[in-house]
Amino acid sequence: MRYVRHVIRIRHVARGYWFELLIAFSAIAGMLELVVGRDSPGAPPTTLWIAVPAVAVLVLPLFARRRFPFAAPAAYWILAAAISFGDGLLLAFIGSLGLVGLASAFLLGNLRDPLKAGVGLIIVVVGIVVVVYNIPGPLPVGDFVFIPLRFVVAWVAGYALRERAEQAEAAEERAAQAEREREAAARVAVAEERSRIARELHDIVAHAVSVMVLQVGAVRHKLPDALAADRDALRGVERAGRTALAEMRRLLAAMRREGDEAELVPQPGLDGLDSLLAEIGRAGLPVELHVDGQPVPLPRGVDLSAYRIVQEGLTNALKHARANDADVTVRYRPDELEIEVRDNGQGSVTSDGLGHGLIGVRERVKIYGGKMSAGTASSGGFVLSTSLPLDQDER
């Protein structure tokens with residue numbers, strides 16, 4: 001187990017510091033070249049106790065490239081040019097330093113700042129030309145072109161990868177921004193749909209409370225004088241009901257957005273499906289209604305939500321699914337009401353950005369603790385299926 005941990009740790013270090021390890025390996029290889037080849041023809045005249053520290057000083061700035069991304073590789077080329085004035089054969093003799101030079105040129109091309117990258121290219125070209133110029137003996141003119149060209153290519157590779165990385169980061173940022181906008185739009189849609197549902201339920205509750213207040217008032221007026229205490233109690237209930245109605249109107253006004261008008265028509269229910277289907281049919285989507293089970297009176301909130309579920313499902317099929325026909329099935333069960341909207345189109349959407357669509361359906365189903373599923377059917381088309389629990393005490 002300890003061996004495995006050591007292997008994992010080594011792998012982590014190698015992955016995070018591979019460049020530094022490459023530079024260290026190249027520097028050690030260069031020093032060994034000096035030691036092994038100090039007596040070979042073409043060896044630099046500088047003694048080992050000066051040449052070896054010079055190589056170490058040359059590569060040392062590259063280990064600070066994370067803290068100084070421009071200065072570290074630029075310092076390599078400046079030091080290389082300076083060392084070449086002291087011993088023109090030293091850098092040319094150590095072949096492994098060529099890899100270090102390519103890596104330094106790549107780092108300068110990979111800089112985020114285009115201005116610094118351009119300055120880095122100038123430093124690379126000037127530095128390698130100076131190193132080549134200080135090599136003793138006659139050199140072909142082509143060496144002044146082809147040797148610097150290798151390092152220019154390394155700089156271009158770094159520059160190209162930097163642009164590609166920036167494009168990838170920009171694409172990732174755009175995707176993240178789009179995701180944030182979708183989440184924000186979804187939150188707004190949910191909030192607006194909840195406000196819409198609350199306004200609709202207000203009418204239902206207000207109507208029920210108004211009926212109760214009127215009934216209490218009627219009973220109070222019929223009570224004889226002998227039941228004066230009961231009459232006073234009913235007067236308090238009536239007063240509390242009227243106060244509740246006033247507070248509900250204030251709450252509704254607070255939820256209504258600027259520009260919204262009060263709805264003066266009664267809230268619809270499943271008894272209005274025929275007119276809804278006829279309206280959808282005139283808009284270009286023929287709809288067939290199927291009723292399974294014996295229709296029973298429903299609580300007003302459930303009745304309204306069932307109507308809205310059918311309305312939203314058919315609206316999505318008409319606007320987004322490009323369907324040719326649709327079917328609506330209403331199933332009356334002893335303990336729940338099932339609604340299914342099926343079309344033969346190409347799918348649907350979850351929201352139009354204004355709080356309607358399947359987001360609204362989901363919120364309505366959630367209020368009553370029901371279930372909802374929506375998706376593409378195996379035979380094609382789109383199916384919206386919901387179930388709303390029915391409380392026997394409310395029916």
Side-chain angles (χ1 to χ4, degrees), residues 9-111 117 120-136 139 143 146-162:
R9 188 177 302 147
I10 292 174
R11 184 182 302 174
H12 176 73
V13 172
R15 185 179 302 173
Y17 297 92
W18 64 270
F19 181 83
E20 286 77 5
L21 293 175
L22 176 64
I23 298 302
F25 176 80
S26 300
I28 294 173
M31 295 175 186
L32 291 177
E33 284 186 69
L34 285 175
V35 174
V36 174
R38 63 183 182 276
D39 296 327
S40 62
T46 306
T47 58
L48 288 180
W49 66 273
I50 294 179
V52 171
V55 173
V57 171
L58 177 63
V59 301
L60 190 61
L62 293 177
F63 291 98
R65 55 111 182 178
R66 298 176 187 270
R67 186 176 180 85
F68 305 102
F70 172 76
Y76 172 86
W77 286 105
I78 295 173
L79 289 173
I83 291 173
S84 68
F85 283 106
D87 187 347
L89 284 176
L90 180 61
L91 302 182
F93 180 78
I94 305 175
S96 59
L97 291 182
L99 179 62
V100 179
L102 292 173
S104 302
F106 179 89
L107 290 177
L108 289 171
N110 199 241
L111 292 172
L121 176 61
I122 296 174
I123 293 175
V124 170
V125 173
V126 173
I128 189 60
V129 169
V130 169
V131 171
V132 173
Y133 177 79
N134 286 330
I135 297 177
L139 294 176
D143 287 352
F146 294 109
I147 294 179
L149 184 61
R150 289 182 296 177
F151 299 95
V152 172
V153 170
W155 181 93
V156 172
Y159 189 84
L161 286 180
R162 188 263 301 174

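Keep in mind it's a predicted model, so treat the numbers as computed, not measured. When reading the values below, keep in mind they use all heavy atoms of this one structure, side chains included, and skip hydrogens, waters and symmetry mates.
- Note that the OH atom of Y159 and the CG atom of N110 stand 11.0 Å from one another [nearest 0.5 Å].
- Here the straight-line distance linking atom CD1 of I83 with atom CG of L58 works out to 4.5 Å at 0.5 Å rounding.
- Inter-residue side-chain proximity for L107 and P69 is flagged as unmet; no heavy-atom pair is nearer than 4.5 Å.
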Q: Show your reasoning for whether side-chain contact (heavy atoms from CB on, under 4.5 Å) applies to F25 and L99.
A: CA-CA 11 Å; F25 176 80; L99 179 62; over 6 Å; no
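- Within the 4.5 Å cutoff, the side chain of P73 has heavy atoms near those of the L62 side chain.
- In this structure, the separation between CD1 on I23 and CD1 on I28 is 11.5 Å, given to the nearest 0.5 Å.
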**Q.** Residue pair V59, L97: steps toward the side-chain contact (heavy atoms from CB on, under 4.5 Å) verdict
**A.** CA-CA 9 Å; V59 301; L97 291 182; 4.2 Å; yes
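- P136 and G88 make their closest contact through CD-C, 3.9 Å (heavy atoms, listed as atom of the first residue, atom of the second, distance).
- Side-chain contact check for L79 versus L60: every heavy-atom pair is 4.5 Å or farther apart.
- Here the closest heavy-atom approach between residue A72 and residue P61 is recorded as CB-O, 3.1 Å.
- With rounding to the nearest 0.5 Å, the separation of CG in L149 from CD1 in I128 is 11.5 Å.
- Aromatic rings from F151 and W155 are positioned such that their centres are separated by 6.0 Å or more.
- Using a 4.5 Å heavy-atom cutoff, the side chains of F85 and V130 are in contact.
- The shortest heavy-atom contact between V131 and A80 is CG2-O, 3.8 Å.
- Going from atom CD1 of I50 over to atom CG of D87 covers 9.5 Å, rounded to the nearest 0.5 Å.
- Two residues are said to be in side-chain contact when any heavy atoms from C-beta on lie closer than 4.5 Å; W77 and L108 meet this criterion.
- The CG atom of L111 sits 8.5 Å away from the CZ atom of R162 when rounded to the nearest 0.5 Å.
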